[in-house]
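Atom set for the values below is all heavy atoms of this structure, side chains included, hydrogens, waters and symmetry mates excluded. In what follows, chains are A, B, ... by sequence order, proteins preceding strands, each numbered from 1. What you see is a predicted model; the values in this text were computed from it and never measured.
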There are 2 protein chains.
Amino acid sequence: MAAGRPHSRDKILAAAAEVAREVGPGNLSLDAVAYRAGVSKGGLLYNFPTKAKLMQALVQDYVTTYEAQLDQAMQGQGSLLAAHVALSAKECSETVPSAAGLLAVMAEDPDFLLPIKSLKRRLLDRLKSASPGASNLLIVFAALEGLRSMKLFDMDVFTDEERETLLADLLSSVGAARQS
Amino acid sequence: MAAGRPHSRDKILAAAAEVAREVGPGNLSLDAVAYRAGVSKGGLLYNFPTKAKLMQALVQDYVTTYEAQLDQAMQGQGSLLAAHVALSAKECSETVPSAAGLLAVMAEDPDFLLPIKSLKRRLLDRLKSASPGASNLLIVFAALEGLRSMKLFDMDVFTDEERETLLADLLSSVGAARQS
DNA sequence: ATTACTGTACCGTCTGGACGGTAATGTCAA
DNA sequence: TTGACATTACCGTCCAGACGGTACAGTAAT
């Protein structure tokens, strides 16, 4: 769990996401990942004994990264909701490399995504208790989820202008009922 | 395009979605689909000469079905936005069998989903011109997209109560600025 | 001696797709 | 009406290649 020795681990995880984007989420092969990571197949299987373990690591990596970024964004400003909006906006504006990796995980077995589901639920609970008065919390949460999923699928139909408007609306609708 | 003879075609399409749900989106095999459809592999390949063609048909099927349902919902009530909200709500409450099929398509190659992307864009344009005054149109659209994607991924974190509240809020926010 | 690999060889299984049938149905001239 | 042929809608088999995973000997650094 703690950052440790394994030199290749991170390279492999990154390579997996890259390969997934290139060959399609459902066509991720260990051979390709190993090659892309500059690691032998034996080396890959040393770090991740099975493909399933690699997938789980991909998910775990995403979850911990997201939570770390959220904590970081929180220190910038008090409101959790605002932090979540800001982070989602950032995740949508810049291309998130790990996204393709998550699609590959889902292609392998959707159950591997359960940690992300519980991450979302945990976040929603925290948001509810942090901003009990926000009547539009659910809408904002769902809208951000929509934005995020569009990016994930490369299905974002908004123009840049529309997306800016949308994010601004979300921010103002958050600011209107900020708390804690 | 017109409903015609092909007896096995529809069975195969339905079987593909079922199999995808059972074995995971990335593990859809033609053999399994053929068996599930009660058709030989040769028969499957007769209807869909390649796997890619099958995937495209899955997408096309979804698009045409959605548009037909939207037209139908439109006749019930004038507002396009309201019809879209209602349809999304329906799609979220009942399990949509074809959803798993779309995930399989994406696992194969995300580009196959482009018709759905343009469907969404077309819909957004129609919504904008039908309800020019609705300032919250983008938020509603994104929120519905979020709801839909959660169902698609089996990542719906809302309780039934929350989901009802959300949908009610969306509907009222739509009704507040209805037009055309 | 342990850790973190490399490299090669290999195995059993699965997969998309090609291919050669074939029974039923339709078409059309004699 | 009939026989000849064409098309449709499929069946069942086969195959080359890719895949996940194993096994194991070697190695360079700690």
Side-chain angles (χ1 to χ4, degrees), chain A residues 1-59 101 103-112, chain B residues 1-59 100-101 103-109 111-112:
Chain A
M1 292 296 169
R5 301 306 86 54
H7 300 312
S8 304
R9 218 189 117 95
D10 293 348
K11 269 191 296 182
I12 293 171
L13 255 17
E18 285 171 38
V19 172
R21 185 160 33 80
E22 283 163 22
V23 303
N27 305 321
L28 188 73
S29 72
L30 297 185
D31 284 326
V33 172
Y35 179 80
R36 176 47 81 92
V39 163
S40 71
K41 191 173 176 183
L44 194 164
L45 287 159
Y46 176 79
N47 285 278
F48 305 99
T50 69
K51 196 181 187 183
K53 289 276 166 64
L54 173 59
M55 301 291 118
Q56 287 163 3
L58 242 18
V59 172
L103 290 183
V105 169
M106 195 216 48
E108 194 73 15
D109 184 348
D111 286 351
F112 287 143
Chain B
M1 291 297 173
R5 303 304 84 58
H7 300 312
S8 304
R9 217 190 117 95
D10 293 348
K11 268 191 297 182
I12 292 171
L13 255 17
E18 285 171 39
V19 172
R21 184 160 33 78
E22 283 164 20
V23 303
N27 305 321
L28 187 73
S29 73
L30 298 185
D31 282 326
V33 172
Y35 178 80
R36 176 48 82 92
V39 163
S40 74
K41 187 155 178 204
L44 193 163
L45 258 41
Y46 174 78
N47 285 278
F48 305 98
T50 68
K51 197 181 188 184
K53 288 277 167 63
L54 173 60
M55 301 291 117
Q56 287 163 4
L58 243 18
V59 172
L103 291 183
V105 170
M106 194 218 46
E108 194 72 15
D109 184 348
D111 286 350
F112 287 143

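Rounded to whole angstrom, the span from the CZ atom of R9(B) across to the C1' atom of dT8(D) amounts to 15 Å. The CG atom of L44(A) sits 13 Å away from the P atom of dT22(D) (whole-angstrom rounding). Atom P of nucleotide dC14(C) and atom CG of N27(B) are separated by 12 Å, given to the nearest angstrom. In this structure, E108(A) places its CD atom 12 Å from P of dC19(D), rounding to the nearest Å. Computed from coordinates, the I12(A) CD1 to dA4(C) P distance equals 12 Å when rounded to whole Å. Note: CZ (F48(B)) to C1' (dT8(D)) measures 16 Å, nearest angstrom. Rounded to whole Å, atom C1' of dT15(C) lies 14 Å from atom CG of L54(B).
In this model, the phosphate group of dC5(C) is not approached by any side-chain N or O of Y46(A) to a distance below 4.0 Å at OP1 or OP2. Phosphate contact (OP1/OP2 of dC5(C), side-chain N/O of N47(A), threshold under 4.0 Å): present. Of the side-chain N and O atoms in S40(B), none sit less than 4.0 angstrom from OP1 or OP2 of dC10(D).
You'll find the side chain of L13(B) reaches within 4.5 Å of the side chain of L54(B), heavy atoms only. At least one side-chain heavy atom of L45(A) sits less than 4.5 Å from a side-chain heavy atom of K41(A). Between P25(A) and M106(B) the shortest side-chain heavy-atom distance falls below 4.5 Å.
Nearest heavy atoms, A16(A) versus L58(A): CB-CD2, 4.1 Å. When all heavy atoms are compared, the tightest approach of N47(B) to G43(B) is ND2-O, 2.9 Å. The minimum heavy-atom distance between R36(A) and A15(A), with the atom names listed, is CG-CB, 3.7 Å. The two residues L28(A) and A104(A) have their closest heavy-atom pair at CD2-CB, 4.0 Å.
L28(A) comes within 4.0 angstrom of the backbone, heavy atoms only, and of no base.
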Give me, pair by pair, the N or O atoms of the protein and of nucleotides 17-24 of chain C that are less than 3.5 Å apart, along with how far apart they are.
| unit_1 | atom_1 | unit_2 | atom_2 | d |
| --- | --- | --- | --- | --- |
| dG17(C) | OP2 | K51(B) | N | 2.8 |
| dG17(C) | N7 | K41(B) | NZ | 2.8 |
| dG17(C) | O6 | K41(B) | NZ | 2.9 |

